[in-house]
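Reminder, nothing fancy here: chain letters follow the sequence lines and each chain counts from 1.
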Amino acid sequence: MSGSLFTLDARTKARNAAERRFRAYGLGAIVIALLALVWLLISIFSAGLPAFRQTFLTFPVTLDASQLDKSGTGDVAQLSKITTITYAKILGQSLEAAIAAKGIDLGGAKPKQVADLISQESAATLRSKVMADPALIGTTIDFTTLASGRIDGYYKGRVTMDSAALDKNTSPEQLRLADKLKEAGMLAVRFNTGFLTMPDASDKRPEAAGLGIAILGSFMIMAVVLVLSLPIGVAASIYLEEFAPKNWITDLIEVNIANLAAVPSIVYGILGLAIFINFAGLPQSAPIVGGLVLTLMTLPRIIIPTRAALKAVPPSIRDAALGVGASRLQTVFHHVLPLAMPGILTGMIIGLAQALGETAPLLLIGMVAFVRDVPGGLFDPASALPVQVYNWTQRGDPGFVERASGAIIVLLVFLIIMNTAAIILRRKFERRW
Amino acid sequence: MKDLVMETRVDTQTIKIKAEKAQVFYGTNHAIKDVDVEIMDKTVTAFIGPSGCGKSTFLRCLNRMNDTIPSCRVEGSITLDGDDIYDARVDPVQLRAKVGMVFQKPNPFPKSIYDNVAYGPKIHGLTRTKAELDEVVESCLRKAALWNEVKDRLHSPGTGLSGGQQQRLCIARAIATSPEVLLMDEPCSALDPIATAQVEELIDELRSQFSVVIVTHSMQQAARVSQRTAFFHLGNLVEFGETGQIFTNPKDPRTESYITGRIG
Ligand SMILES: Nc1ncnc2c1ncn2[C@@H]1O[C@H](COP(=O)(O)OP(=O)(O)O)[C@@H](O)[C@H]1O
Ligand SMILES: [Mg+2]
């Protein structure tokens, strides 16, 4: 070890080279991970963001009393006999009249093609509007409603003149007419709150499909999971960590909890189907069953980080509390638990976030069903966000692909909110000792 | 060594804690063997001995802190004012309010200075009003010679104090439950000489109200603060007597080798 400090010896050079190589590997790994993330986000956002915008038609609709209220009495029982077919007819006629009134040339589009610019959903929307307010009959109202999925696709680049020529659901004439309506201000592409509030729609109406029930269902499921797994998980962890005697039974429990955390989620679905639906007789597709199944799945995933957080509290704090005569329960609740709180909350929220994105067990308990009615409680059928994504990717109409990506964005936003909450809570509760 | 021993005198002859044939096992490890000790009221008793000889183990027996170690087993009899503290009727929680403890490493709660001291009185219901509690906190901090340093920041965290202040805070916390005996396990080992001197002075003052048992690896400290000294070696109590006698005229050759620095 002689020589000038200014000349590096061979060992130092080799060590420095090894360090540089290691840094390069690490940097490379991070760059690859970041690229993958960026790629994922770009593909999801480019496919999903259009779902938040929708093409709407606005035109005056004449609610002809001779068609809607043949008896002329305004009797609700009579009114409800009028089906959406009549309303669809009225919508078609009104749109045609509105186009004529603006002096727009139909460009060869037939009346049926004009009527098909309007979403099939619109007749139902108009009918419920009239049923809610029968006084509208006989008047002319300004009605804003969804354009059909193909027209919407045209403004999102999914449908082109060439594809329309081959598509039996639309035609180039329709698209050209839509362009003219847009110029005349009767057609516009706007933000679509319906995507977040409306229920799912049938295969032919991607433009009307929304996440309302799926979001509500996911919220209910998460509420069940939170209410059950927080107290059970924390109580189990505290007991195992602070009170349970250390013997082979607790060792066995510990090993089993670790194993349960690694059990594939679909197994919990099978378990839930067998226990909650077939044995206990709870209804299918209900958020309560989804919540129970996901609670089973989440519990071990909460107990493990909670126990780790409790274990990380220095024993000197326990000694201090016991030393002034605190009972074990007081020691835990006054001193250990507050210090373990950041870790417990983080584990809790990460467990919930995993449960929020879980699909397989929910499919098994029937949450994949088509639900149009807003669930009134935990026992009514509902959908869930990840299941809705799965569901929409199975549909034929390309409008649903965009919807599925949009739903993924919503799911990601919820997950980001939860993880941010975890970080904020962690910061808030973090204290030094 | 001899000139360090102060002219001290044992004030009372009331026996506070009495251990007879005390044995401690950690699993199969026999850590304390046949220890007989009498701890007097209003006296500072020092436990000295080489590392690993069982001083902490024996000290922790006196307020049953060993209960928290699953493998630990205590035999023989240890009495406080004549009551066997290992009797099935004794709740260790109640015992620990009477026999307070200060640990080797300062371990204030990560709460405010005020809450650190107020915690014991609160859980034992020693005070009825906020004003009473304030009074207890102040008097304990005064007794621990910390009041003047912290009176303006009672609500800032106790963990933000210096090591010596933290240890005095722990002493204040321990005396806030009005214990009858105060156990201290090497309370100065993490402190600098100035803080050590402050704590030692404090121990001497505390003697007027409590019986104090202090474990120390510093023979000078034992000589300075204690009236009685017990010398432990390999789990045995080798010699126990007045501090002056132990340091000037040890009866056992092992004690003599230890205090002259030949075993350590
Ligand atoms: N928690 C424990 N578990 C098992 N053995 C222990 C434990 N604490 C101390 N011991 C053993 O007991 C003996 C005495 O230790 P201790 O009382 O800490 O000695 P000292 O305080 O005199 O240095 C040592 O042999 C040590 O290994
Ligand atoms: Mg020790």
Side-chain angles (χ1 to χ4, degrees), chain A residues 236-255 306-346 425-433, chain B residues 56 59-60 62-71 91-112 115-126 140 157-160 166-167 169-179 182-185 190:
Chain A
S237 312
I238 291 178
Y239 178 75
L240 286 173
E241 204 50 54
E242 305 284 336
F243 294 96
K246 302 276 172 278
N247 55 30
W248 66 269
I249 299 178
T250 43
D251 285 349
L252 196 70
I253 291 175
E254 181 149 10
V255 170
T306 303
R307 290 189 64 180
L310 291 171
K311 225 192 276 277
V313 175
S316 64
I317 296 292
R318 290 185 180 79
D319 283 347
L322 292 172
V324 293
S327 68
R328 284 217 276 180
L329 196 69
Q330 286 172 329
T331 304
V332 171
F333 279 88
H334 296 169
H335 301 288
V336 178
L337 210 49
L339 289 176
M341 220 39 169
I344 294 176
L345 286 174
T346 314
L425 285 173
R426 190 177 187 99
R427 290 266 163 80
K428 190 164 149 34
F429 280 95
E430 209 150 53
R431 270 178 278 176
R432 263 179 239 282
W433 58 77
Chain B
S56 300
L59 192 75
R60 292 165 63 91
L62 302 182
N63 69 345
R64 291 185 57 175
M65 281 299 281
N66 280 337
D67 289 15
T68 60
I69 301 168
S71 66
D91 186 339
V93 169
Q94 223 174 325
L95 170 71
R96 288 181 204 132
K98 282 190 171 190
V99 184
M101 186 150 195
V102 175
F103 298 84
Q104 184 167 359
K105 203 172 135 262
N107 57 353
F109 298 130
K111 298 178 187 286
S112 72
D115 287 340
N116 261 283
V117 183
Y119 183 69
K122 264 191 212 159
I123 59 170
H124 295 295
L126 300 182
C140 291
T159 39
Q166 287 191 13
Q167 194 62 299
L169 178 62
C170 292
I171 293 172
R173 178 178 69 191
I175 60 185
T177 58
S178 331
L182 197 56
L183 308 177
M184 303 178 139
D185 192 352

Got a list of side-chain donor-acceptor pairs under 3.5 Å for residues 333-342 of chain A, not counting sequence neighbours?
from: A:H334; atom 1: ND1; to: B:Y119; atom 2: OH; distance (Å): 2.5
from: A:H335; atom 1: NE2; to: B:Y119; atom 2: OH; distance (Å): 3.4

Check: Quick one: of A:R328, A:K246, A:Q330, A:R318, who has the most non-hydrogen atom pairs under 4.5 Å with chain B?
Finding: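 It is A:Q330.
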Margin query: Could you measure the distance from the OG atom of A:S327 to the CG atom of B:D91? Nearest 0.5 Å is fine.
Written below: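 Answer for the OG-CG pair, A:S327 versus B:D91, is 8.5 Å.
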Show me the donor-acceptor pairs within less than 3.5 Å that the side chains of residues 95-109 of chain B make with the rest of the protein, sequence neighbours left out.
from: B:R96; atom 1: NE; to: B:N63; atom 2: O; distance (Å): 3.2
from: B:R96; atom 1: NH2; to: B:R64; atom 2: O; distance (Å): 2.8
from: B:Q104; atom 1: NE2; to: B:E186; atom 2: OE1; distance (Å): 3.3
from: B:Q104; atom 1: NE2; to: B:S189; atom 2: OG; distance (Å): 3.4
from: B:N107; atom 1: OD1; to: B:R173; atom 2: NH2; distance (Å): 3.0
from: B:N107; atom 1: ND2; to: A:S316; atom 2: O; distance (Å): 2.9

Notebook entry, point to check: Between B:H124 and A:V324, which heavy-atom pair has the shortest distance, and what is it?
Noted result: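 Looking at all heavy atoms of both residues, the shortest contact is NE2-O, 2.8 Å.
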Notebook entry, point to check: So do the side chains of B:P92 and A:L322 get within less than 4.5 Å of each other, counting heavy atoms only?
Noted result: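 They are not in side-chain contact.
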